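Written below as structure tokens is the structure these notes are about.
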Amino acid sequence: ILPSHRRTMADIAACRTPAMGGHACTCRDCSHTSYHFHSCRNRHCPTCQGDRAHQWLDRHLRLLLPCPYYLVTITVPAELRPLARSCQRTFYDLLIRHCAKAILELCADPKWLGARPAILANLHTCTRDLFHHPHVHLLVSAGGLDPAGETWVKPANPRFLLPGYALDPLVRGKICTALARLNLFPDLPPRFCEKKWSMQVKRLRCGEHALRYLARYLFRVAISDKAIVAVDNDQVTFRFFSNSGQLHHRTLKHHAFLARFLQHVLPSGFVRVRTYGLWASALRSSLRFAQNLLHRNRDALGSHYVPLPTPPDPPDEPRPRSCPKCGSTNLLVSEIKPQPRGPP
């Protein structure tokens, strides 16, 4: 078991327990004592990171361009998944970078768009029933700034962004070449590099719904707490919904369930969400210019202009902690120090 896997299991087991430390609040009026233990803050924990997900969504909703978007999904073929599992950091980094680069190159070609779009790339590694299924979601704006950075260019066909027959060989070629250069290419069937990858392009009216969908999976991996419905003896039962919306239940042995969960634990410090094009941090001034340009020309753009969602209200000031029994705020708060960790 990798050290990152051991650390993740230890953090999840200790989350919101005395092992993480916390505070004890004793009411001076009714003498009731309540305990508030800290979260583990591990990004793979099903019960943590909710606040960070809301902050991320709030920040990226403000970066949206008032135009339609496309959601491009690129899936790794089954022959490369063992390599992805054994060389996570290298393979996933190549996958995200080269998928985004391929889209930027095609969009820069005047034959297809001739502009620089905004791209947000997000790595997913699992299916709803926890199978290893690495794929990348890329949220791409329907249009972009011309090379001079002065004019907004929209697709000639509002229902079409890039052809799959041009995107597929470009992505495959970039990734296969990078793997061969690093001497990571496993023994694969002949002519594997000619096999088509699964690529889906879906047109969205706006990027808000895609951002909300991605935010649910950014700060937790694979499964949520409420999806686990039973833990009996040496078995775990969890539920999931199929693509058609039907509810299913799956029962696994403890070790099989942990094995499925841990294969989605990413290396420490790995960045699974990255921005390219107009969304890159170095081009924020160009992004603001594009936002203002689209807003000024909204009458001429017609249906291509999509009003931006209303930014959420700033969070309310935190309320003073109160006694859960009598509601009094006259509390004596004492710190609970976390238990010392054992040797690594």
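Please read these numbers as outputs of a predicted model, since none were measured by experiment. FYI, side chains are in, hydrogens and waters are out, and symmetry mates aren't considered; it's all heavy atoms of this structure.
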Does [X] have more than 12 heavy atoms from other residues, nucleotides or ligands lying within 6.0 Å of its [atom1]?
| X | atom1 | answer |
| --- | --- | --- |
| R89 | CZ | yes |
| H209 | NE2 | no |
| K325 | NZ | no |

About how many Å separate [atom2] of [Y] and [atom1] of [X], when rounded to the nearest 0.5 Å?
| X | Y | atom1 | atom2 | answer |
| --- | --- | --- | --- | --- |
| L293 | T151 | CG | OG1 | 7.5 Å |
| R172 | E194 | CZ | CD | 7.5 Å |
| L211 | L64 | CG | CG | 5.0 Å |
| D29 | C323 | CG | SG | 8.0 Å |
| Q88 | Q263 | CD | CD | 9.0 Å |
| R59 | Q55 | CZ | CD | 7.5 Å |

Classify the ring geometry between [X] and [Y] as parallel (under 30°), tilted (30 to 60°) or perpendicular (over 60°).
| X | Y | value |
| --- | --- | --- |
| Y92 | H132 | tilted |
| W279 | Y69 | parallel |
| F240 | H248 | parallel |
| H137 | Y213 | perpendicular |
| Y305 | H295 | tilted |

What's the shortest heavy-atom distance between [X] and [Y], and which atoms?
| X | Y | answer |
| --- | --- | --- |
| P68 | R203 | CG-NH2, 3.5 Å |
| T275 | S281 | OG1-N, 4.4 Å |
| R272 | I96 | O-CD1, 4.1 Å |
| H44 | F261 | O-CZ, 3.6 Å |

Query raised in the report: Short question: side chain of H264, backbone of T125 - any donor-acceptor pair under 3.5 Å?
Result: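 Yes; at least one donor-acceptor contact below 3.5 Å.
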Query raised in the report: Where the side chain of S39 meets the backbone of R41, is there a donor-acceptor pair that is under 3.5 Å apart?
Result: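 Pair absent, no side-chain N/O of S39 close to backbone of R41.
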Report task. Might you work through the side chain to side chain donor-acceptor pair (under 3.5 Å) test for S322 and T329, ending with a clear yes or no? Result -> CA-CA 4 Å; S322 59; T329 57; over 6 Å; no
Transitively linked via ILVMFWY side-chain contacts under 4.5 Å: [X] with [Y]?
| X | Y | answer |
| --- | --- | --- |
| L283 | L287 | no |
| L94 | V72 | yes |
| L139 | L63 | yes |
| M9 | L2 | no |

Query raised in the report: Between V273 and L214, does a side-chain contact (heavy atoms from CB on, under 4.5 Å) hold up when you go through it step by step?
Result: CA-CA 10 Å; V273 182; L214 296 176; over 6 Å; no
Query raised in the report: So do R116 and C107 actually touch side chain to side chain, heavy atoms under 4.5 Å?
Result: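 They are not in side-chain contact.
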Query raised in the report: Does the ring centre of H124 sit less than 6.0 Å away from the ring centre of H135?
Result: yes
Report task. Show the numbers, then the answer: is there a salt bridge (charged side-chain N to carboxylate O under 4.0 Å, His left out) between E208 and R212? Result -> CA-CA 6 Å; E208 178 185 3; R212 294 188 182 278; 3.1 Å; yes
Report task. Go through the steps to decide whether T127 and H133 satisfy the test side chain to side chain donor-acceptor pair (under 3.5 Å), and finish with yes or no. Result -> CA-CA 6 Å; T127 59; H133 188 261; over 6 Å; no
